[in-house]
Amino acid sequence: MTNGKHFAHYWNDESRYLGIEVVDGSLELFYCEFKEGKDSLLFWNTTLDSVQGWSKPVLLFSTAYSYRNRIPQLQCKVTNHTLVVFSEKVLYASKELVHWVLGKEEGKWSLKRQMNWKVDRWGDYNRVERWTIDAGGNVMVYRDWE
């Protein structure tokens, strides 16, 4: 890959980087975009080609999301053909952790499920520091601050 391959597509203050993962030998970038006026989150994906640079972003899915939760802090991980997007910080208003599981079939990502976990009380420390996923896309959270 040559130097200077820039991400030339539209990026704004509501866009958030989720992560870069190697999938089927290709480097894929995942990010989300918060649409406050529409109460929604849009999840995007693009792939790096060593000659052409970044491909045009593809919308993976969109989901309803309350502006009261503010812009979420999300990360992603990939195992096999499963992508998990996970909120590492409890959402502001709903006090939930949320994650989405996508599967890749025939070269396309599709949403398999979404889960919200209500967090009753973790004290002042409402952030997950370590998490992983198993082969089925299940999230395992490690709480080692207690």
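Any value given below was found using the heavy atoms of this structure, including those in side chains, with hydrogens, waters and symmetry copies removed.
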query: What do the steps show when you test C32 against L74 for side-chain contact (heavy atoms from CB on, under 4.5 Å), and what is the final call?
result: CA-CA 9 Å; C32 71; L74 303 170; 3.9 Å; yes
message: Using ring pair (Phe, Tyr, Trp, His ring centres under 6.0 Å), reason through F61 and F43 one step at a time and then give a plain yes or no.
response: CA-CA 6 Å; F61 72 98; F43 291 85; 4.5 Å; yes
message: I'd like to know whether N69 forms a side chain to side chain donor-acceptor pair (under 3.5 Å) with S94, so could you lay out the CA-CA distance, the side-chain angles of the two residues, the decisive distance to 0.1 Å, and finally the verdict.
response: CA-CA 7 Å; N69 277 324; S94 65; 3.3 Å; yes
task: Please assess T63 against S40 for the test side-chain contact (heavy atoms from CB on, under 4.5 Å), listing each intermediate value before the final yes or no.
output: CA-CA 6 Å; T63 187; S40 63; over 6 Å; no
task: Apply side-chain contact (heavy atoms from CB on, under 4.5 Å) to L60 and W100, showing your working.
output: CA-CA 11 Å; L60 298 176; W100 297 270; over 6 Å; no
query: So V23 and K104, side-chain contact (heavy atoms from CB on, under 4.5 Å) or not? Walk me through it.
result: CA-CA 10 Å; V23 183; K104 191 168 190 177; 3.9 Å; yes
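T46 and S55 get closest at one heavy-atom pair: OG1-O, 2.5 Å. The two residues R70 and Y65 have their closest heavy-atom pair at O-OH, 2.7 Å. The two residues N116 and E96 have their closest heavy-atom pair at ND2-OE1, 3.1 Å. In plain terms, the two heavy atoms of F86 and H99 that are nearest each other are CD1-CB, 3.5 Å. The two residues N45 and E28 have their closest heavy-atom pair at ND2-OE1, 2.8 Å.
The closest side-chain heavy-atom distance from V98 to Q114 is below 4.5 Å. A 4.5 Å side-chain heavy-atom check between P72 and L41 finds at least one atom pair inside the cut-off. Looking at heavy atoms from C-beta onward, L29 lies in side-chain contact with Y17 at the 4.5 angstrom threshold. Residues Q75 and L18 form no side-chain contact, since every pair of their non-hydrogen atoms from C-beta on lies 4.5 Å or further apart. By the 4.5 Å heavy-atom criterion applied to side chains, Y31 and P57 are counted as neighbours. A 4.5 Å side-chain heavy-atom check between K95 and K118 finds at least one atom pair inside the cut-off.
Using a 4.5 Å cut-off between side-chain heavy atoms of Ile, Leu, Val, Met, Phe, Trp and Tyr, with links allowed through other members, L97 and Y92 fall into different hydrophobic clusters. Note: the hydrophobic cluster containing V22 does not contain V58 (ILVMFWY, side chain heavy atoms under 4.5 Å, direct or indirect links).
Looking at residues two or more places apart in sequence or on another chain, you find no side-chain hydrogen bond (donor to acceptor under 3.5 Å, both in side chains) involving E21. Residues satisfying the side-chain contact (heavy atoms from CB on, under 4.5 Å) criterion with K89, sequence neighbours excluded, are Q73, R127.
For F30 and W44, the ring centers sit 6.0 Å or farther from each other.
Once rounded to the nearest 0.5 Å, the distance linking CD of E33 with CG of L59 reads 9.5 Å.
Atom CZ of R68 has 12 or fewer neighbouring heavy atoms from other residues, nucleotides or ligands inside a 6.0 Å radius.
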Distance-only donor-acceptor pairs under 3.5 Å for side chains of residues 77-85, two or more places apart:
from	atom 1	to	atom 2	distance (Å)
K77	NZ	W131	O	2.3
H81	NE2	D24	OD1	2.9
H81	NE2	D24	OD2	3.3

